[in-house]
Amino acid sequence: MAASREVCEKVEDIAPLPPQSEQRRDRTAGFVIVGGGIAGVTCAEQLSALSPDDPVTLLSASPLIKSVTNFRQVGRALEEFDVEEKTTGALQKACPNVRVVHTQVRAADTDKHEVYTENGETFPYTKLCICTGGQPKLITKDNPYVIGIRDTETVQHFQQKLANARRVVIVGNGGIALELVYEIEGCEVIWAIKDDAIGNTFFDRGAAEFFLPHLTAGKCEENKPLKRLKYTVTEPSADSPKKGDTAMGGALGPDWKEGWRMKGKDDQAAHQVHVEYQCEVQEVLTREEFTRTGQTAECFPGTSRAEEQNDDWPVYVLLTNKRLYGCDFVVSATGVVPSTGPFLHNDQFSVAPDGGLRVDDHMHTSVPDVYAAGDVCTASWEPAPQWFQMRLWSQARQMGSYAAKCMVADRDGEDIDMDFCFELFAHVTKFFNYKVVLLGRYNAQGLGKDYELLLRCSKGLEYVKVVLQAGRMQGAVLIGDTDLEETFENLIINGMDLSPYGEDLLDPNIDIEDYFD
């Protein structure tokens, strides 16, 4: 996975995973899930619904868990939902057979079907689902001036540092970076990306041009209630599990930035963002290391040396284009790596090149009775033509739900069909306050050069791109309130030959929804 990408590319030539164990263990051991993020909590909720008389234990390294709320099925594969942080008691009340334990997993003995925690407890299982998510891929480790953003605690840490910051360097071109550069105010932002356009993970250069004016424009404030509840993460008590380098809370949901103050030291400063294209971080320097280099740091573009208050920054970033910037801290938003920590002691697990636990089309790992879902796993089956894996909250929910169905079916000796959501990649999110819908091979991923694009763009209003191959729609990008997502989803799934319609397919004067209804 590239530094700024969140896409987990298809793993080629993967050997078939071993068949699951035929043994049926005592149900009193129950189901055990490791991880209190979206995948883990969804898995627990689904298990509770499918098997209400069997015990389900959820082991969470965080005192708060992530739960899906306001779920809405937009189309056959496309879905929208919010994410709420909840106390463990809320889940246990809603699902009486679910027990949530705030603890950190140390290891697992898959031969004995047992999970061990840092505080010495042992949890036996009949089926185990690993949903430990991912952790930020930091450009450098153990540097107090370089932070990643992944869960509520890391956002709080970021917010505290930002409050006294005059300048921050953001590295990466994925979803977190896109949202940060739009949200931060009262602080200069240097945005370093390795691509030649912003948002390369999610959209093409045309869509990037659509968003560019919003980098420096003031934000459009929305007067609406917050989508999710907020909790204060308190200091851990004496008996709380100690977090290691790999133990984090659940990943942030789609609306993570709402309700957080994203203001720097200068409350009156305008939205100031400068993008450094096609570069990466070569070196992060302390003030002393910078002084020894004898170099002069760059001023923020548009300001003169005289206008700079001072250039005595606590940390300096040297980019591969040889530009050197001082800043108060650096945000490493270069994607995540699967958090497999305590499970890699068991060499029975098959691990993909990207570090994820390989799973087959029933979410089985290579170890009998052990499943995985969400960011920690790598989909190692032959995917449907218009589906691929990305480490996103939408797929975490889908994988967690499907894993639960597979666990129950396997325990009961039943066959189960793959959920339809794995037939088509479908994701809805929001960037720069615009609704963004991504469908199928939206950036022509894996289509080679044999494809064509149809575009429609209304500056400041909407951007629509359709990917066609042999006359059939393979993917689409919809930015703004286009109301085309359900129609385009059906056209991709049905594989209808659209050659006769040509460019009329995106004619704004034609009501395409009624046309293909």
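Heavy-atom basis, side chains included; hydrogens, waters and symmetry copies ignored. Computed from a predicted structure; not experimentally measured. Count residues from 1 along the sequence.
In this structure Asp328 satisfies the salt bridge (Lys or Arg N to Asp or Glu O under 4.0 Å) test with no other residue, sequence neighbours excluded. Applying the ring-ring contact (aromatic ring centres under 6.0 Å, His included) test to His427 and every residue at least two apart in sequence or in another chain returns Trp393. Taking the salt bridge (Lys or Arg N to Asp or Glu O under 4.0 Å) definition, one finds that Asp481 meets it with nothing, sequence neighbours left out.
In this model, no donor atom of one side chain and acceptor atom of the other lie less than 3.5 Å apart for Glu423 and Gln386. Between the side chains of Glu276 and His274, at least one donor-acceptor pair of N or O atoms lies under 3.5 Å. If you check the side chains of Ser67 and Glu45, you find a donor sitting under 3.5 Å from an acceptor. With 3.5 Å as the limit, one finds a donor-acceptor pair spanning the side chains of Asp82 and Asn70.
Between Gly480 and Tyr434, the shortest heavy-atom distance links the atoms CA-CD2, 4.2 Å. Taking all atoms of both residues into account, the shortest heavy-atom contact from Glu485 to Val437 is CB-CG1, 3.9 Å. Shortest non-hydrogen contact noted between Ile139 and Ser332 is N-OG, 3.1 Å. Residues Asp204 and Ala207 come closest through the heavy atom pair OD1-N, 2.9 Å.
For the pair Phe210 and Ile479, the minimum side-chain heavy-atom distance is below 4.5 Å.
Residue pairs that meet the salt bridge (Lys or Arg N to Asp or Glu O under 4.0 Å) test with at least one member in residues 455-464, sequence neighbours left out, are Arg456-Glu462. Sorted by first and then second residue, the salt bridge (Lys or Arg N to Asp or Glu O under 4.0 Å) pairs involving residues 486-509 (not counting sequence neighbours) form an empty list.
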Donor-acceptor pairs under 3.5 Å, side chain of residues 35-43 to any protein atom, not counting sequence neighbours: which ones?
residue : atom : partner : partner atom : Å
Thr42   : OG1  : Ile38   : O            : 2.7

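In this structure, the side chain of Arg167 engages the main chain of Gly326 through a donor-acceptor pair within 3.5 Å. Between the side chain of Trp191 and the backbone N or O of Gly172, at least one donor-acceptor pair lies under 3.5 Å. Although no hydrogens or angles enter the test, the distance criterion places a donor-acceptor pair under 3.5 Å between the side chain of Arg205 and the main chain of Asp196. Remark: the backbone N or O of Gln445 is not paired with any side-chain donor or acceptor of Asn443 at under 3.5 angstrom. Listed for the Asp375 side chain is no donor-acceptor partner under 3.5 Å among the backbone atoms of Gln135.
Aromatic ring pairs are classed by plane angle as parallel below 30°, tilted from 30° to 60° and perpendicular above 60°; the pair Phe432 and His214 is tilted. Using bins of under 30°, 30° to 60° and over 60° for the plane-to-plane angle, the ring pair Trp381/Phe422 lands in the perpendicular bin. Under the 30°/60° scheme for interplanar angles, the aromatic rings of Phe203 and Phe431 are found to stand perpendicular.
Atom CZ of Phe329 sits in a crowded spot, with more than 12 heavy atoms from other residues, nucleotides or ligands closer than 6.0 Å.
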Inset, instruction - Show your working on side-chain contact (heavy atoms from CB on, under 4.5 Å) between Val281 and Leu319 and close with a plain yes or no. - result: CA-CA 5 Å; Val281 173; Leu319 303 176; 4.2 Å; yes

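Using a cut-off of 4.0 Å between Lys/Arg side-chain N and Asp/Glu carboxylate O, Arg397 and Glu79 are scored as salt-bridged.
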